[in-house]
Amino acid sequence: MKQIYLDHAATTPVDKKVLNEMMPYFSQNFGNASSLYSLGQEASLAVEKARKQVADFFGAKEREIIFTSGATESNNLAIKGVVRAYYKKKKNKPHIITTTFEHHCVLNTVKKLEKENLIEATFINPKKDGVVDARDIKNAIKSNTILVSAMYVNNEIGTVQPIAEIGKLIKKINEANKLKAKSCQLLFHTDATQAVNYFNCNVEKLGVDLMSMSAHKIYGPKGIGVLYIKKGLNITRIQDGGEQEFGLRAGTLNVPGIVGLGSAIEKVKSLRQRRIRLGRKKSKIDEIKILRNYLIDKILKEIPDSRLNGSKIKRSPNNVNVTFSRVEGESLLMMLSQEGVFASTGSACSSGSLSPSHVLLALGLKPEETHGSLRLTLGKNTTKKEIDYAVKVIKKSVEKLRKVSGNVLEDYYKVMKHEA
Ligand SMILES: Cc1ncc(COP(=O)(O)O)c(C=O)c1O
């Protein structure tokens, strides 16, 4: 059976060249990067090479790059680390601003700190198109705000947030505060996990103080990520142990993973290189975007009662998120999987009850409107033939599901609405 992978926002296959570069660091150059003998120093050199590769890509200094186990840890370290550092010097409760449609590792971290009474939090809703208005963030800033955390590209609907614009306004506020001799610096963190493949991640350009990413979204290995921490920023470690990573992240370094991350980030650059393809100068990103638009248009044209979630323009080149009315998303995924099409849905079926996607709810969709959602995310090797096959299978499955359960679902939603 054909296998068509359309879930590149969940994870990507490790690039063969990346894997080759990682291989020697498993059992040949296996030293601990903290060991002083030559085997350890070889590992340490490989780590420092990767640190430079990442720093160059972000337009940062090597000292500003901290290797972690992935974006979940990076986001935890960024937010908790800033709050911990704050409490070393001050006592009054700080305020954090984030958005309602962040990845759960940001959202739950902020909610937990709020529950523990350590912070006040404001959650900004995106507009209907899935894009946050920078003015809403500006209006939420208070005298005790210490951190704004806003994702670069949403993992579910692929919408792109105005990070550089938010960065600029935060810089302005900090400059004004300096003039007023207020010492409190407002920090800006972005979760760039879904952005690294396709968007400019230069930290100066974005105006960010902290930035997170994960290697497995960019054709690198799982279990390795980065937190960029701007030089001079006050942050406290959240994990106790050794003094690795400039004392900010304890634990033996994952050398093969770090080598893979460095190699993968180096290869991301090639997605942006423009070459003559079919008589026109195009980058791989341009090609993915053309295919994505083809997929969106084909679904909306061929499958009745389907709708695109989030802006078509301010959108990651690889993301399609559609809702099919009178369809249950999990059943659709199962049917697609049986036909070899792998995709994902935002809503999760837990203990018999359908829990709607927090991202789609944040866009203002009603719970019953979120259930038939499907996320299809393309990769650098996705072909038009695969897209054609996937649409054929989706169309057939949606028709089948609507016949079997469309009316039942409608009745269920009516009852739910009545009970609410
Ligand atoms: C936007 C975003 N942030 C954070 C994460 C967490 O990454 P990891 O599971 O690699 O820690 C993901 C993963 O899907 C993501 O898409």
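Of the possible polar contacts, none joining the R84 side chain to the K80 backbone as a donor-acceptor pair under 3.5 Å is found. A side-chain donor-acceptor contact under 3.5 Å links Y87 to the backbone of L118. In this structure, S306 contributes its side chain and F324 its backbone to no donor-acceptor pair below 3.5 Å. Under the 3.5 Å distance criterion, the side-chain polar atoms of Q161 are left unmatched by any main-chain donor or acceptor of N154. Side-chain atoms of S44 never come within 3.5 Å of backbone atoms of G40 as a donor-acceptor pair (strictly under, hydrogens ignored). With hydrogens and angles disregarded, a donor-acceptor distance shorter than 3.5 Å links the side chain of T159 to the backbone of G130. Remark: side-chain polar atoms of R63 are not paired, donor with acceptor, to backbone N or O of F246 under 3.5 angstrom. Of the possible polar contacts, one joining the S357 side chain to the V359 backbone as a donor-acceptor pair under 3.5 Å is found. In this structure, Q244 contributes its side chain and G251 its backbone to a donor-acceptor pair below 3.5 Å. No donor-acceptor pair closer than 3.5 Å links the side chain of T345 to the backbone N or O of G329.
Closest non-hydrogen pair, P94 versus I146, comes out as CB-CD1, 3.6 Å. D7 and A343 get closest at one heavy-atom pair: OD2-O, 3.8 Å. Closest heavy-atom contact between P221 and A215: O-CB, 3.4 Å. The heavy-atom pair separating L360 from I157 by the smallest distance is CD2-CG2, 3.8 Å. For the pair I285 and P317, the tightest heavy-atom approach, listed with the atom from each and the gap, is CG2-CG, 3.7 Å. Closest of all the heavy-atom pairs between P126 and V132 is CA-CG2, 3.9 Å.
Heavy-atom neighbours of K128 NZ from other residues, nucleotides or ligands within 6.0 Å: at or below the threshold of 12. At most 12 heavy atoms of other shown residues, nucleotides or ligands fall within 6.0 angstrom of atom CD1 in I313. Summarising the local packing, NZ of K312 is surrounded by more than 12 heavy atoms from other residues, nucleotides or ligands at distances under 6.0 Å. Within 6.0 Å of NZ in K298 there are more than 12 heavy atoms belonging to other residues, nucleotides or ligands. Within 6.0 Å of NZ in K267 there are more than 12 heavy atoms belonging to other residues, nucleotides or ligands. Within a 6.0 Å radius of CZ in R135, other residues, nucleotides and ligands contribute 12 heavy atoms or fewer. Around atom NZ of K93, more than 12 heavy atoms belonging to other residues, nucleotides or ligands sit under 6.0 Å away.
Here the CD1 atom belonging to I238 is positioned 5.0 Å from the CG atom belonging to L77, to the nearest 0.5 angstrom. Note that CD1 of I4 is 7.0 Å distant from OG1 of T383, once rounded to the nearest 0.5 Å. One finds the OH atom of Y25 at 13.5 Å from the CZ atom of F30 (value rounded to the nearest 0.5 Å). Taken to the nearest 0.5 Å, the CZ atom of F57 stands 7.0 Å off from the CD1 atom of I218. Taking OG1 from T190 and CD from E102, the interatomic distance works out to 7.5 Å, rounded to the nearest 0.5 Å.
Take K231 and apply the side chain to side chain contact (heavy atoms under 4.5 Å, CB included) test, not counting sequence neighbours, and it matches K61, E64. Evaluation of the side chain to side chain contact (heavy atoms under 4.5 Å, CB included) rule for H216 yields T11, S214, K222 as partners, not counting sequence neighbours. Take L361 and apply the side chain to side chain contact (heavy atoms under 4.5 Å, CB included) test, not counting sequence neighbours, and it matches P356, P367, T370. With sequence neighbours left out, the salt bridge (Lys or Arg N to Asp or Glu O under 4.0 Å) criterion links K282 to no other residue. The side chain to side chain contact (heavy atoms under 4.5 Å, CB included) search around T382 returns L6, H8, L291, L378, E386, I387, not counting sequence neighbours.
For Q41 and S38, the side-chain atoms include no donor-acceptor pair closer than 3.5 Å. Side chains of T100 and N125: a donor on one and an acceptor on the other come within 3.5 Å. Judged purely by distance below 3.5 Å, without hydrogens or angles, the side chains of N321 and E156 never pair a donor atom with an acceptor atom. In this structure, a donor-acceptor pair under 3.5 Å is present between the side chains of H95 and T122. One side chain, T68 or S74, offers a donor N or O that lies under 3.5 Å from an acceptor on the other. Neither side chain, S283 nor R274, offers a donor N or O lying under 3.5 Å from an acceptor on the other. Side-chain contact annotation: S35 with N32, donor-acceptor N/O pair under 3.5 Å absent. Inspection of the S212 and N75 side chains reveals an N or O donor paired with an N or O acceptor under 3.5 Å. Side chain to side chain, S337 and E339 fail the donor-acceptor criterion of an N or O pair below 3.5 Å. Checked by atom type, the side-chain pair S331/E328 shows a donor-acceptor distance below 3.5 Å.
A salt bridge is defined here as a Lys NZ or Arg NE, NH1 or NH2 lying under 4.0 Å from an Asp or Glu carboxylate O, and E175 with K172 fails to meet this definition. By the 4.0 Å N-to-carboxylate-O rule, D129 lies too far from K127 to be salt-bridged with it. At a threshold of 4.0 Å, the pair K49-E266 does not count as salt-bridged, since none of the basic side-chain nitrogens sits closer than that to a carboxylate oxygen. Look at K281 and D286 and you find no salt bridge, because none of the NZ, NE, NH1 or NH2 atoms lies under 4.0 Å from a carboxylate O. Using a 4.0 Å cut-off between charged nitrogen and carboxylate oxygen, E245 and R51 count as a salt-bridge pair. Between K392 and D388 there is no salt bridge, since none of the side-chain N atoms of the basic residue sits less than 4.0 Å from a carboxylate O of the acidic one. The residues K380 and D15 are annotated as salt-bridged, a charged nitrogen and a carboxylate oxygen being separated by less than 4.0 angstrom.
Using a 4.5 Å cut-off on side-chain heavy atoms (C-beta onward), L227 and L210 make contact. Contact of the V47 side chain with the V259 side chain is not registered, since no non-hydrogen atoms from C-beta on lie closer than 4.5 Å. Two residues are said to be in side-chain contact when any heavy atoms from C-beta on lie closer than 4.5 Å; K138 and D136 fail this criterion.
No cation-pi contact links R249 to F67, judged by a cut-off of 6.0 Å to the six-membered ring centre and 45° from its axis. In this structure, K2 is positioned above the aromatic face of Y389, its NZ or CZ under 6.0 Å from the six-membered ring centre and within 45° of the axis.
Within the structure, side chain to side chain donor-acceptor pair (under 3.5 Å) contacts touching residues 197-210 (residues at least two apart or in different chains) do not occur.
Under the 30°/60° scheme for interplanar angles, the aromatic rings of H104 and H358 are found to be tilted.
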Working for side chain to side chain donor-acceptor pair (under 3.5 Å), residues N92 and Y86
CA-CA 10 Å; N92 64 318; Y86 171 88; 2.8 Å; yes
